[in-house]
Trainee: 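The structure under discussion is supplied below as C-alpha cells; questions concerning it will follow.
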Amino acid sequence: MAEKYPLVEQREYGRPEKRGGLWRKRVTRGDDELPMVAAHQVRVFRVGEEYVEDHGQLRADDPVVVDASSVTVVDRRIEVPVVVETRIPSAEAGDFTVRAWFHCTVTDPCAVVRDGVTDVEALLLSHLREVPGLTEDGSDLPVVDTAAVRTRIDARLTAYHEMRPSVVSGIRARHGAIEVLTPEEMSAYVAEMERNRRDRERDRQREEMEQEAALDRALREAELELKREEIRSLQAVRKERNRQQEETLRSGYERESGAEQQDYELEIERRRNRFTRTEIEDDIKLIGSDPVAADYLAWRNGDISADELSQRLHQAEERWDSRKDDRLRLDRDYELTRRGLDREDERWKVERDDRRHELTRKEEREETAAEREENARRWDLEHQDTLRQRIEKREDAKELQRDQHELAKQQLTVRATLGKQAIDRGLFDSTMYDAGAFINSVGDVPYNQTTPQGGPETPQPELKGEVKGTLRRAPERPASDTGTAADDTDVDDFDPANQEGSLGH
C-alpha cells in the first residue's frame, strides 16, 4: 500500500497577495501554491466552513482558491488494498496472527478531508477488533491448525460485514482475503521483512554515498572552474586597467600639448588685437567723427584717389547744407507738435474737471435719492407698526369686553338664581328691601358704547365686591356716568357659603 493514503498532500494557505503589473494588480495566489494532481487524484479546498472539490480545473486567481485556507490532495483509486494485522489467542502457548486485507475506495473526498481520515489502517484495525467473538475463534485449536482458524474468521468477518459494513468517513471498505500465521511463520515473515529492510537501508546508504561522492566531485569541479574563471577575469581586468591607464596618459599629454598650443595662439591673437585697438584709438583721437579727415586719411593711405576725394568733399558739403535744413524743419515740426500737445493737455484737464463735477453731482443725487428711499421705508415701517399696534389694542379691548361681558352674565345668572331662591323662601318678607327693584336689576348685560375718541370704551364691571350675608342696595351713580337707570343700580353678590345656612331656616 502507498505510504500516504488517502491524503496525499496537505497545504495551509496564508493571506493572498496582490500580483500583476503596475496598473492591473489583483489578489491571487502563485502557481507554485497549487499542488500538482495525478489523473486519479483530486484537490479539496476549504473555504470557511465549506469544502470544494476540484479536478485540476481551478486557476490561481479563482475566487475559491483565493479565499481558501487550505488545500488537500486526495487519492481516488479504486480498490486500494490495506493490510491490517492483529493477534488472537490459541489453545497452546502461542498466538495466531490474523492478517486481513481490505479493498478501499474514496467515495466522498470532502468528507475524508473534513473528518481528517489520515490513518486508514488504525480505523480498520479498530473496526476489526470490534467484531464480536473474533478472539475466541482460535482459543480451542492448536497453533498448527491455521486453516480452520482462517475459515472461522473468514466466515465471521463475511457475516459481520454483511450486517454491519465498516464505517469510515467518505471511504467504502470491502472485506478481502484473510491469512492466519503461526508464531513461526510470523517470526519468519518478520525476519524476512527485517532482512528486506536492512537490504533497503544498505542500498539507500550506498546510493547516498554515491550521491555524496558525485556531489563532492561536482563541487570540486565547480570550484576549479570558478578559480579558472576568476584567473581569467583577473587577467582581463588587469589588461583593461593597463589599457585605461595608457589611454589616460595619452589623453592627458594630448590635452596638455593642445592647451599649450592654444595658449600660444591666443597670446599672438591678443597682441595683434591690442595693436589694432591702439591704432584705432589714435585714429579716433586724431580724426574723431569728422568725415573730411577720414577722407583725407583714406586718400593718404591710397584707398581713394584725388578725384574721389574731391567728390566726397563736395558731397559732404551738400550733406551739411541738407542736414542744416533738416534740422531747422525738425525744430519747427517739434515746436508745432509741442503746442498741439499742450492744447490737448489743457482740453483733457478741462474735460477731466467737468467729468469730476458731473460724477460728484451724480453721487450727491444718488445719496439724496437713497436718503429719501430710506426715509420712505422708515415711514412705511413706522406706519405699519402704528397700524399693527392699533389693531392689537382694538383686539385686546374687544377680548377684554367679551371676557367682562361673560363674567357679568355669569354674575347675573348667579344673582338671579340666589334672588329667586330668596323670594321663594320669603327672605324679603322680613326686610325693607324692594324686591321689584332687585328683580328689575336682573337683566341683560349691556355692551358699553364707544368713547368720544372713536375707540371702544373700557367695559365697566356692574358687580363689585362680594355678598357678605345680606343683600344691600348699591350706591346710586350720576346719570352722566352711565347710559340708563337700570345700569346705575348694582346689587352686591350673595356669598353662597354665608347664605346657605339662612336659606333653610
Side-chain angles (χ1 to χ4, degrees), residues 2-4 7-43 45-46 54 56-73 75 196-273:
E3 296 181 359
K4 297 180 179 180
L7 304 184
V8 180
E9 182 180 358
Q10 287 183 307
R11 293 187 184 182
E12 286 74 23
Y13 286 149
R15 187 183 299 274
E17 299 179 356
K18 288 186 177 181
R19 307 172 188 268
L22 181 62
W23 302 104
R24 297 184 61 185
K25 284 190 176 182
R26 56 180 179 175
V27 179
T28 181
R29 297 193 184 275
D31 294 335
D32 55 345
E33 298 183 24
L34 293 177
M36 301 299 294
V37 292
H40 59 277
Q41 297 174 352
V42 295
R43 290 184 295 211
F45 293 93
R46 179 180 179 180
D54 173 34
Q57 299 175 352
L58 297 181
R59 297 181 300 179
D61 58 348
D62 193 271
V64 174
V65 180
V66 174
D67 298 336
S69 59
S70 64
V71 61
T72 305
V73 180
D75 190 350
N196 294 335
R197 187 188 65 79
R198 286 197 299 269
D199 294 340
R200 289 195 301 271
E201 183 69 19
R202 184 171 59 255
D203 294 340
R204 185 182 62 80
Q205 291 179 357
R206 184 174 62 254
E207 291 178 357
E208 289 181 355
M209 293 176 63
E210 291 177 356
Q211 291 178 358
E212 290 179 358
L215 180 61
D216 189 16
R217 184 168 58 254
L219 289 176
R220 290 181 181 180
E221 292 178 356
E223 291 178 357
L224 181 60
E225 185 64 26
L226 288 176
K227 290 182 179 180
R228 292 175 180 174
E229 185 66 25
E230 185 178 357
I231 292 173
R232 286 195 295 270
S233 63
L234 288 176
Q235 293 177 352
V237 167
R238 290 178 181 178
K239 186 182 295 184
E240 181 66 21
R241 186 184 299 113
N242 294 333
R243 187 187 64 79
Q244 291 178 358
Q245 291 178 356
E246 183 181 358
E247 290 291 336
T248 303
L249 293 176
R250 183 183 295 107
S251 61
Y253 175 75
E254 292 177 353
R255 187 169 54 254
E256 290 178 359
S257 61
E260 292 178 357
Q261 181 66 25
Q262 187 176 7
D263 291 341
Y264 175 74
E265 293 177 356
L266 291 175
E267 182 64 26
I268 297 298
E269 187 68 21
R270 189 181 300 110
R271 292 179 181 178
R272 185 182 298 109
N273 293 335

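What you are looking at is a predicted structure, and each value in this text was computed from that prediction instead of being measured. Note: hydrogens, waters and symmetry copies are ignored here, and every other heavy atom, side chains too, is used.
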Trainee: Check this for me, if you would: do Glu223 and Arg220 make a salt bridge, where the nitrogen-to-carboxylate-oxygen distance has to be below 4.0 angstrom?
Mentor: no
Trainee: Mind listing the closest non-hydrogen atom pair of Leu58 and Leu34 along with its distance?
Mentor: O-CD1, 4.1 Å
Trainee: Give me the atom names and distance for the closest heavy-atom approach of Gln57 to Asp54.
Mentor: N-OD1, 2.9 Å
Trainee: Going from CD on Glu210 to CD on Glu212, what distance comes out if it is rounded to the nearest 0.5 angstrom?
Mentor: 11.0 Å
Trainee: Pairs of donor and acceptor atoms involving the side chains of residues 252-264, under 3.5 Å and at least two apart or interchain, shall be tabulated with distances.
Mentor:
residue, atom, partner, partner atom, Å
Ser257, OG, Tyr253, O, 3.1
Ser257, OG, Glu254, O, 2.9
Gln261, NE2, Glu265, OE2, 3.3

Trainee: What I'd like to find out is whether the side chain of Asn242 reaches to under 4.5 Å of the side chain of Glu246, using heavy atoms alone.
Mentor: no
Trainee: I'd like to know if Arg232 and Glu225 make a salt bridge, using a cut-off of under 4.0 Å between side-chain N and carboxylate O.
Mentor: yes
Trainee: Using side-chain contact (heavy atoms from CB on, under 4.5 Å) as the criterion, point out the one residue from Arg11, Glu9, Gln10 that pairs with Val71.
Mentor: Arg11
Trainee: Decide yes or no for Val66 and Tyr13: does some side-chain heavy atom of the first lie under 4.5 Å from some side-chain heavy atom of the second?
Mentor: no
Trainee: Check this for me: does any side-chain nitrogen of one of Asp203 and Arg206 sit under 4.0 Å from a carboxylate oxygen of the other?
Mentor: yes
Trainee: For residues 56-71, pull every pair meeting salt bridge (charged side-chain N to carboxylate O under 4.0 Å, His left out), keeping only residues two or more places apart or in separate chains.
Mentor: Arg26-Asp61, Arg59-Asp61
Trainee: Please determine whether the number of non-hydrogen atoms from other residues, nucleotides or ligands lying under 6.0 Å from atom CZ of Arg238 exceeds 12.
Mentor: no
Trainee: How many angstroms lie between CZ in Arg46 and CD in Glu12, if you round to the nearest 0.5 Å?
Mentor: 10.5 Å
Trainee: Looking at every heavy atom in both Arg43 and Val73, which two are closest together, and how far apart are they?
Mentor: CG-CG2, 4.2 Å
Trainee: Checking Gln211 against Glu207 for the side chain to side chain donor-acceptor pair (under 3.5 Å) test, could you report, in this order, the C-alpha distance in whole Å, the side-chain angles of both residues, the deciding distance, and whether it holds?
Mentor: CA-CA 6 Å; Gln211 291 178 358; Glu207 291 178 357; 5.1 Å; no
Trainee: Looking at Glu240 and Arg243, is any side-chain nitrogen of the basic one under 4.0 Å from a carboxylate oxygen of the acidic one?
Mentor: yes
Trainee: Applying side-chain hydrogen bond (donor to acceptor under 3.5 Å, both in side chains), can you list everything that pairs with Arg241, at least two apart in sequence or on another chain?
Mentor: none
Trainee: To the nearest 0.5 Å, what is the distance between CD (Glu229) and CG (Leu224)?
Mentor: 12.0 Å
Trainee: Search all heavy atoms of Gly56 against all heavy atoms of Val37 and return the closest pair with its distance.
Mentor: CA-CG2, 4.4 Å
Trainee: Rounded at 0.5 Å granularity, tell me how far CD in Glu247 sits from CD in Gln244.
Mentor: 9.0 Å
Trainee: Where do Met36 and Gln41 come nearest, in terms of heavy atoms and distance?
Mentor: O-OE1, 4.2 Å
Trainee: Check His40 against Asp75 and note the closest heavy-atom contact, atom names and distance.
Mentor: CD2-OD1, 3.0 Å
